[in-house]
Amino acid sequence: MKKLILKTTIFLIGMIFISELLCRFVFPTSEMPYLYYNEKYQIRHFDTTLDREGVFTFGKLANRGGLWKVNNYGWNSDFDYTPKAERTGPMIAVMGASDIEGFYINHSENLWGRLRDLTGGRYEVANISLSGAPFSEIIQITRYAQDVFAPEIIVIKLSDVSIEISITERYPDRYRHQITFEGGKFAERPMVHYKPSSAKRMLRHSALASYLFFNRSIQMFLSPNNQPQKKRAATANNVMLPNDIDQMAAEFMVALLVKENPESEIVLIGDADRNAIYANPHSEIEPFEACRLLGAECGRYKNCHYLDLTETFQNEFLQKNEKFNTEFNLHWNVYGHDVVARALYKFMVTSRLIEASQ
Amino acid sequence: MLFNSPVFAIFLVLVFSAYWSINRARLSAQNLFLLAASYLFYGWWDYRFLALIVISSGVDYISGLKIHETKSERKKKAFLALSLATNLGMLLYFKYFNFFVDSFAEMISWFGMRADLPTLQVILPIGISFYTFQTLSYSIDIYRGKFEPTKDIIAFFAFVAFFPQLVAGPIERASALLPQFYQKRNFDYGQASEGLRRMLNGFIKKMVVADNLAIHVNAIYANPKDYNGWTLFLGGVFFHFQVYCDFSGYSDIAIGAAKLFGFNLNQNFHFPFVARSTNEFWRRNHISLTSWFRDYVYLPLGGNRCSKPRRIFNMMVTFVVSGFWHGASWTFVIWGAIHGVFGSFLMLVGKDKKYRTGVVAEGKLIPSLKEAAPMFITMFFIFTSIIWFRSPTLSNGLAFMEGIFISPFDGISYHQAWLPLIICGLMFAAEWVQRSREHVMDIGHLSLPSRWLIYYAASIALLVFANFGGSEFIYFNF
C-alpha cells in the first residue's frame with residue numbers, strides 16, 4: 001500500500017510540474033486582468049494597480065483571443081478615458097457583457113473599436129463592459145458612467161438572458177447587482193463584495209490552475225450544481241413568480257435606466273438567435289423574448305432607441321453564408337462585431353443620434 | 001455518481017482508504033462496508049431506486065436458497081418463476097411499458113381505430129438492465145444445478161450492488177464474482193497498479209475519445225438530410241467509435257476500480273475493431289452480454305444442435321431480443337435483426353466458425369490483404385448497422401440509409417470531418433498495436449521509464465483534450 005501511495009504521489013507531483021510548464025509555454029493559459037470592487041459605485045471593474053495587459057486565450061488548445069489592456073479607469077481599452085470635466089468631444093459608452101467586453105478579439109476589431117473608426121474618430125467610444133453582467137448590473141454601471149464620464153450616448157447590448165439573470169429569484173447570484181421581487185414589486189439588490197480567498201489568489205499564479213479555470217471552465221465540473229441550467233431548474237422549482245415576471249422586470253429596469261440617464265441618448269441592441277438563423281436562414285426568425293420585451297419598453301421613451309439585430313444578421317447570412325461567432329461559443333467573432341458596428345452606426349445616423357462621418 | 005465526476009474521485013479515495021483500513025480478518029465487515037459504499041454510490045443518483053436493487057437482491061437471495069433446498073420440481077419452478085417475474089417485471093414496467101402501449105396504439109391506428117392509453121411518467125432507473133440480468137443468471141444457474149446458493153446475505157447483496165459494475169456492467173456471473181466475496185482479500189500492489197492503468201485507459205476512452213466524438217456525431221445525426229452519403233457513413237463510423245469508447249471506457253474503469261478492492265471482473269471488450277466476422281465481433285464486443293444471451297436465450301432455444309432453419313430462428317430471436325434489451329425502440333430491434341440476418345448468412349455459407357478470437361496478423365504490424373479484407377468488410381457492416389442503434393426514430397434511420405445507399409451524392413460534406421477521423425484513426429492505431437494484450441494500457445511488461453512516459457502522455461491528453469462536462473455514459477440509458 002505504501003508503495004502505491006508513494007508512487008502515486010511522485011507521479012502526481014511530476015504531473016503538476018509538467019502541466020505547469022505546458023500551460024505556460026505550449027498551451028499558453030489565458031491571462032486575465034484582476035477584478036476590483038469599486039466600493040463607491042458598488043460595481044466591479046478591473047484593477048488598475050495589477051496586471052495591465054495580457055493575451056486572452058480560449059479552449060482546450062488555448063486558441064489565441066485578443067490582446068487586452070486595462071486602461072486608467074479599469075476597463076478593457078487601448079486608450080485612457082477622459083473624465084467629463086476634461087472632455088472636449090462627445091462620448092459613446094458601449095456596455096454589455098463578455099461579447100462587448102471583448103477579450104476574444106483585438107481592440108480595433110471590437111464593436112467599440114470599429115465604431116470609433118466608423119465615426120471618424122469624432123467620438124470617444126468607451127468600452128465599459130464586464131463579462132457576465134446582467135442588465136440589472138449594467139444599470140448600476142451606467143450610474144458610475146454618468147457620474148464619471150456623462151456620455152452623450154449609452155449603447156447597451158442585450159442577450160437572450162438579459163432579464164433572466166437579472167432577477168435574483170430566477171438566477172440567484174450574490175456577486176451580481178440584481179433585482180429582487182418582493183411584496184409584489186421589484187427592488188434593486190446590490191452585489192456582495194467578492195473577496196477571493198488567499199488560496200485562490202495564490203492559484204492565480206499557477207498557469208495550470210488558470211488553464212483549468214479560464215480555458216477549461218473546470219469550476220463547472222467541480223460544482224455541477226452551480227451550472228446555469230441546474231441553477232435555473234433549482235430556482236424554478238422553489239420559487240413561485242407571476243407569469244408576467246419578465247414583462248414586469250423589463251418595465252422596472254428600462255424605467256430605471258431612462259429615468260437616471262435623462263441627458264443621454266440610450267440605444268439598446270438586441271442580439272439575434274443566430275443558431276436559428278444558421279439552421280433556417282430563409283424562415284422567419286423570432287427575436288429573443290428578453291430582447292423583445294426590453295426593446296418594447298424602450299420604445300415608450302423618447303430618449304431610448306432599440307435596434308434588433310435579427311434582420312441584420314439574417315440578411316447578412318443569406319448573402320455571405322458566414323457565421324458571426326467563433327466555433328468555440330456564441331461570442332461574436334471579428335465578422336460579427338463588424339456587422340453589428342455597421343448596423344449600429346447606420347441606425348444611429350438614421351435616428352439622428354450622430355452625424356454621418358465624411 | 002458518474003465515474004467521470006469529481007465526486008467519484010473523492011468517493012473512490014475515501015472508500016479505498018477506509019476499505020483497506022478495516023480489519024482484513026473480518027471479511028464480513030469488508031463486505032458490509034462495500035455494500036454500504038455501493039448503495040451510497042447508487043443512491044447518490046436517486047436513493048429511491050435503491051429499493052429496486054434491494055427487492056431484486058432479496059427475491060433472488062430467497063429464490064436461490066429455496067430452489068436449492070426444495071426437492072419438488074414444481075416448487076423449484078415456482079421460485080424460479082418468482083425470480084423471473086420480479087426481475088423481468090421491473091424491467092418491463094420501467095423500461096418497456098410505454099413502448100408496448102405506444103406500439104399498440106399505433107398498430108390499431110393502422111386499422112382506423114384510436115386508443116388513448118395511459119403511459120407512465122417514470123424515469124428509467126440507471127443500471128436496471130444490468131443488475132436484473134446479473135441476479136437472473138444467479139437464480140437460473142441454481143435452478144440448472146450449476147451453482148450452489150450462498151447463505152451469506154451480505155456477500156450476496158454486495159455481489160449484486162458491487163459499485164464498480166453496478167450501473168453498466170460487466171454483467172458478472174455469480175460463479176465468477178460471488179466466490180470472491182468469500183475469499184480473504186489482501187492488498188496487492190501489482191493488482192492495484194494494473195487497476196489504475198486500466199482506469200486511466202477508461203478515462204481516456206470516455207473523456208478524450210467518446211466525449212469529443214459526441215460533438216461531431218450529434219451534429220451529423222441532428223440533420224442527416226443535409227449531408228451526403230459519405231458524411232452519413234462517417235457518422236456511423238464516428239458513432240461506433242464513440243459508443244465503443246464510451247462503454248468499454250466504463251468497463252475499463254469498472255474493472256480497474258474493482259481491482260483496487262481486490263476483485264477481478266471479466267473482460268468485457270477485447271479489440272472488437274479487429275474482428276474478421278460479425279460472430280467474432282460479438283465474441284469481442286460487450287462479451288458479458290453476448291455470453292449472457294448465448295447461455296440464457298440461444299442455448300435454451302436449441303443453440304447449434306438442431307437443424308439449420310431452427311438455428312437461424314434461434315439466432316434471429318437472440319439478436320432481436322438483444323437489440324431490444326438495449327432500448328425500447330424499433331430502431332434497436334432493427335439493429336439486432338440486421339445482426340441476426342448477417343449472422344445467419346454466415347451460418348448458411350459455413351463461415352460462422354471460421355474466425356474465433358485469436359490475434360489477428362499476429363507478430364505483424366501490417367496485415368496481409370487476406371487478413372485485412374474480412375476486417376474491413378466486417379467494419380463496413382458494423383458501421384452501417386450501428387446507424388440504427390443511434391437513430392432516435394425510424395425515419396431518422398431511414399434518412400441515413402437513403403443518404404448512404406440511394407442518393408449518396410446529395411447534400412453537403414461535414415466541414416470538420418477531419419478531426420473525428422484523426423481521433424478514430426489514433427484510437428484504432430493504439431488498439432491495433434496492443435491487440436495481443438488485454439487492453440491498450442496493458443504495459444506492465446515495459447520498462448519503468450517507458451511506462452511512466454506513457455502514463456504522463458496519457459494524463460496530459462486527459463488534461464488537454466478531455467471534456468470536463470461530466471457527460472453521462474451512453475449505456476446508462478439502457
Side-chain angles (χ1 to χ4, degrees), chain A residues 1-23 25-29 57 59-63 206-230 275 278-281 321-323 327-329, chain B residues 1-2 4-10 13 16-17 19-21 24 44 186-197 199-200 207-208 211-212 215 219 222-223 226 259-260 262 412 415-416 419 448 451-472:
Chain A
M1 179 75 96
K2 279 180 190 162
K3 192 177 167 189
L4 185 80
I5 294 170
L6 183 69
K7 279 198 167 183
T8 309
T9 309
I10 293 169
F11 177 78
L12 288 176
I13 292 169
M15 183 65 200
I16 291 169
F17 179 71
I18 294 170
S19 307
E20 185 67 28
L21 292 178
L22 277 175
C23 295
F25 303 111
V26 184
F27 307 109
T29 184
T57 64
K60 293 171 182 173
L61 298 176
N63 300 28
S206 157
L208 171 63
S210 295
Y211 173 79
L212 289 172
F213 190 82
F214 297 122
N215 293 68
R216 307 301 313 277
S217 302
I218 200 157
Q219 62 277 22
M220 299 283 192
F221 184 57
L222 295 176
S223 55
N225 287 333
N226 218 19
Q227 285 181 21
Q229 60 270 38
K230 295 220 171 147
N275 279 336
Y278 305 150
N280 298 297
N321 196 28
E322 194 178 330
K323 290 191 176 181
E327 291 283 347
F328 182 67
N329 57 28
Chain B
M1 200 181 290
L2 294 170
N4 53 337
S5 69
V7 178
F8 178 71
I10 297 164
V13 170
F16 175 79
S17 313
Y19 175 79
W20 289 114
S21 312
R24 276 160 234 168
W44 200 269
N186 287 318
F187 180 80
D188 179 72
Y189 172 78
Q191 191 182 27
S193 57
E194 168 57 15
L196 288 176
R197 271 196 292 271
M199 288 181 79
L200 181 60
M207 296 173 77
V208 176
D211 286 353
N212 279 304
I215 299 163
N223 297 301
D226 291 354
K259 281 187 188 298
L260 291 179
I412 54 168
H415 67 296
Q416 279 191 318
L419 192 60
L448 186 79
R451 284 205 309 268
W452 277 56
L453 197 67
I454 293 171
Y455 298 153
Y456 276 124
S459 303
I460 287 162
L462 207 56
L463 174 80
V464 176
F465 298 107
N467 271 2
F468 292 140
S471 64
E472 278 194 357

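Residue numbers start from 1 in every chain, and the chains themselves are labelled A, B, ... in the order their sequence lines are given, proteins ahead of strands.
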Considering all heavy atoms, the nearest A:Lys7-B:Tyr189 contact: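 Scanning both residues, the minimum pair turns out to be CD-OH, 3.0 Å.
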Closest heavy-atom pair and its distance - B:Tyr456, A:Met15: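 That closest heavy-atom pairing would be CE2-N, 3.4 Å.
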- prompt: Contact part of B:Leu448 toward chain A, heavy-atom cut-off under 4.5 Å: side chain, backbone, both or neither?
  reply: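 Side chain only.
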- prompt: Of all residues at least two apart in sequence or in a different chain, which pass the side-chain contact (heavy atoms from CB on, under 4.5 Å) check with A:Leu6?
  reply: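 Here the qualifying residues are A:Ile10.
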task: Tell me, please, which residues at least two apart from B:Ala219 pass side-chain contact (heavy atoms from CB on, under 4.5 Å).
output: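 Once residues adjacent in sequence are excluded, the partners of B:Ala219 under the side-chain contact (heavy atoms from CB on, under 4.5 Å) criterion are B:Tyr414.
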query: Taking the inter-plane angle between the rings of A:Phe11 and B:Trp452 on a 0 to 90° scale, is it parallel (under 30°), tilted (30 to 60°) or perpendicular (over 60°)?
result: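 It falls in the perpendicular class, over 60°.
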message: Return the CG to OG distance between A:Leu12 and B:Ser459, rounded to the nearest 0.5 Å.
response: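 Between A:Leu12 CG and B:Ser459 OG, I get 8.5 Å after rounding to 0.5 Å.
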message: If I measure from the heavy atoms of chain B, does A:Leu22 come under 4.5 Å with its side chain, its backbone, both, or neither?
response: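 For A:Leu22, the side chain is the part near chain B, not the backbone.
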query: What part of A:Leu4 is in contact with chain B, defined as an atom under 4.5 angstrom from a non-hydrogen atom: side chain, backbone, both or neither?
result: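 For A:Leu4, backbone and side chain are both near chain B.
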- prompt: Considering residues at least two apart in sequence or located in another chain, which fulfil the salt bridge (Lys or Arg N to Asp or Glu O under 4.0 Å) criterion with A:Glu20?
  reply: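 Here the qualifying residues are A:Arg24.
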- prompt: So does A:Phe17 have more than 12 non-hydrogen atoms from other groups sitting under 6.0 Å from CZ?
  reply: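 Atom CZ in A:Phe17 is not packed in, count stays at 12 or less.
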- prompt: So, do A:Met1 and B:Phe16 sit near enough that their side-chain heavy atoms are less than 4.5 Å apart?
  reply: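 Counting from C-beta outward, A:Met1 and B:Phe16 do come under 4.5 Å.
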query: Applying a criterion of heavy atom separation less than 4.5 Å, what residues of residues 206-215 of chain A form contacts with chain B?
result: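 Only A:Leu208, A:Tyr211, A:Leu212 of residues 206-215 of chain A have a heavy atom under 4.5 Å from chain B.
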